[in-house]
Chemist: 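Sending over a structure as C-alpha cells; questions will come in a sec.
All values reported here derive from a predicted model rather than from experimental measurement. Chain A is the first sequence line, chain B the second, and so forth, proteins listed ahead of strands; every chain is numbered from 1.
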Amino acid sequence: NAGVTQTPKFQVLKTGQSMTLQCAQDMNHNSMYWYRQDPGMGLRLIYYSASEGTTDKGEVPNGYNVSRLNKREFSLRLESAAPSQTSVYFCASSDSRQETQYFGPGTRLLVL
Amino acid sequence: GQQVMQIPQYQHVQEGEDFTTYCNSSTTLSNIQWYKQRPGGHPVFLIQLVKSGEVKKQKRLTFQFGEAKKNSSLHITATQTTDVGTYFCAGRPGSTLGRLYFGRGTQLTVWP
C-alpha cells in the first residue's frame with residue numbers, strides 16, 4: 001500500500017517546454033487534488049477531481065490542464081512552462097466521506 | 001480570495017516554551033482539519049474537528065474549534081525540537097462539498 005505516489009521527484013524545464021506530472025493513489029479514493037506550494041503562500045489548489053470523470057478549477061488554474069485518467073490516476077500538464085510555475089507540486093487524494101487528504105511526496109519543478 | 005486566514009506566519013520559540021497558531025474564516029465551517037509539514041516533507045493529517053466548541057488533545061497538542069465554527073487554534077505545550085515544521089489549518093465552508101481551503105501555515109522553529 002504505497003498511498004499517493006508522484007513522478008518525477010525533481011524536474012528542470014526551460015521556458016516554453018511542456019511536461020506532465022503524474023499522480024496515482026491506491027486507496028480507492030474518489031477525490032484527487034493538485035496543489036502548488038510557494039514560500040509564504042501555503043498550499044494553493046490548482047485543480048481537483050471530486051470523482052472519476054469530473055474536474056474543476058481551483059484558485060490558480062491558469063497555465064495548467066488536468067486529466068483524471070481513471071479512479072487511481074490524476075495528471076497535471078504544463079503546456080508551455082513559465083518561470084512563475086517554479087514551485088513544489090503536491091498531489092493529494094481523499095475519501096469523499098472522511099475528507100482527510102493524503103499527500104504525495106511532491107514534485108520540485110524549476111523553470112529556467 | 002483566501003477564505004481561511006492563519007497567524008502568525010512564523011514563530012520562533014525556545015525548547016520548552018509553548019506555541020499557538022490561530023485560524024480564522026469569514027464563513028462558517030462544517031469542519032476544520034490540521035496538518036503538519038516537516039521541512040522538505042509533505043503535509044500530514046493531524047486531526048479533524050467537527051463540533052462547535054470541540055476540544056481534542058494529542059499528547060502535548062491541543063486543538064480547539066470555536067463556538068461559531070469560524071475559528072480554530074492549535075496549542076503545543078512545552079515544545080520539543082521534533083515539533084519543528086509548518087502547521088496548516090484547512091477548513092471546509094458549509095456550502096462547498098469536498099473542497100478544503102488551506103491557511104498559509106505557521107512555520108515553527110524550536111531552538112534547543
Side-chain angles (χ1 to χ4, degrees), chain A residues 2-7 9-10 21 23 25 27 29-61 66 68 74 87-108, chain B residues 1-11 21-25 29-51 56 58 63 65 69 74 85-109:
Chain A
V4 179
T5 56
Q6 290 183 237
T7 55
K9 286 186 169 55
F10 303 96
L21 281 65
C23 174
Q25 52 91 11
M27 295 175 282
H29 286 166
N30 287 319
S31 302
M32 298 186 73
Y33 312 83
W34 276 106
Y35 293 91
R36 60 176 289 173
Q37 184 174 35
D38 303 291
M41 297 299 291
L43 292 159
R44 292 186 292 171
L45 184 65
I46 305 171
Y47 271 94
Y48 65 104
S49 171
S51 61
E52 188 178 353
T54 68
T55 60
D56 287 286
K57 295 180 180 179
E59 301 167 61
V60 288
V66 290
R68 184 72 183 267
F74 189 37
S87 188
V88 180
Y89 292 86
F90 288 104
C91 176
S93 70
S94 69
D95 179 282
S96 301
R97 292 177 300 129
Q98 297 297 325
E99 298 182 19
T100 301
Q101 294 197 7
Y102 296 85
F103 285 79
T107 294
R108 282 149 182 79
Chain B
Q2 189 165 348
Q3 298 197 22
V4 176
M5 306 298 293
Q6 189 174 355
I7 57 169
Q9 189 173 353
Y10 303 97
Q11 187 77 56
T21 174
Y22 301 90
C23 210
N24 287 288
S25 170
L29 302 170
S30 62
N31 62 56
I32 194 152
Q33 300 179 14
W34 286 91
Y35 292 77
K36 177 182 178 180
Q37 182 178 23
R38 294 184 185 275
H42 59 275
V44 175
F45 173 78
L46 292 176
I47 207 161
Q48 176 172 278
L49 304 171
V50 179
K51 299 176 184 175
K56 287 188 176 180
Q58 290 180 349
F63 304 84
F65 200 11
K69 301 183 75 173
L74 158 59
T86 301
Y87 293 85
F88 293 98
C89 61
R92 182 169 80 82
S95 62
T96 308
L97 184 64
R99 187 190 152 176
L100 288 176
Y101 287 82
F102 279 82
R104 291 190 176 183
T106 296
Q107 187 176 320
L108 173 64
T109 304

Chemist: Working to the nearest 0.5 angstrom, can you tell me the gap between B/Gln37 CD and A/Leu43 CG?
Modeler: 6.5 Å
Chemist: Side chain from CB out, backbone as N, CA, C, O: work out which of these in B/Gln107 comes under 4.5 Å of a heavy atom of chain A, or both, or neither.
Modeler: neither
Chemist: Do you know the tightest heavy-atom contact between A/Thr100 and B/Phe45?
Modeler: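 Closest approach of A/Thr100 to B/Phe45: CG2-CG, 3.2 Å.
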Chemist: To the nearest 0.5 Å, what is the distance between CZ (B/Phe102) and CE (A/Met41)?
Modeler: 15.0 Å
Chemist: Going by atom types alone, do B/Gln33 and A/Gln101 pair a side-chain donor with an acceptor below 3.5 Å?
Modeler: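 There is no such pair between these side chains.
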Chemist: Against chain B, label A/Arg44 side chain, backbone, both or neither, depending on which of its atoms sit under 4.5 Å from a heavy atom there.
Modeler: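 Neither the backbone nor the side chain of A/Arg44 comes within 4.5 Å of chain B.
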Chemist: Select one option (side chain, backbone, both, neither) describing which atoms of A/Leu45 are under 4.5 Å from chain B's heavy atoms.
Modeler: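 For A/Leu45, the side chain is the part near chain B, not the backbone.
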Chemist: I'd like to check the side chain to side chain donor-acceptor pair (under 3.5 Å) partners of A/Trp34; sequence neighbours left out, ordered by chain and number.
Modeler: none
Chemist: Can you sort out the partners of B/His42 under side chain to side chain donor-acceptor pair (under 3.5 Å), two or more places apart, ordered by chain and number?
Modeler: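 If we apply the side chain to side chain donor-acceptor pair (under 3.5 Å) test to B/His42, skipping adjacent residues, there are no hits.
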Chemist: For A/Tyr35, which atoms come within 4.5 Å of any heavy atom of chain B: side chain, backbone, both, or neither?
Modeler: side chain
Chemist: Name the option with the most non-hydrogen atom pairs under 4.5 Å to chain B; the candidates are A/Gly106, A/Pro105, A/Gly42, A/Ala50.
Modeler: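 Of the options given, most contacts go to A/Gly42.
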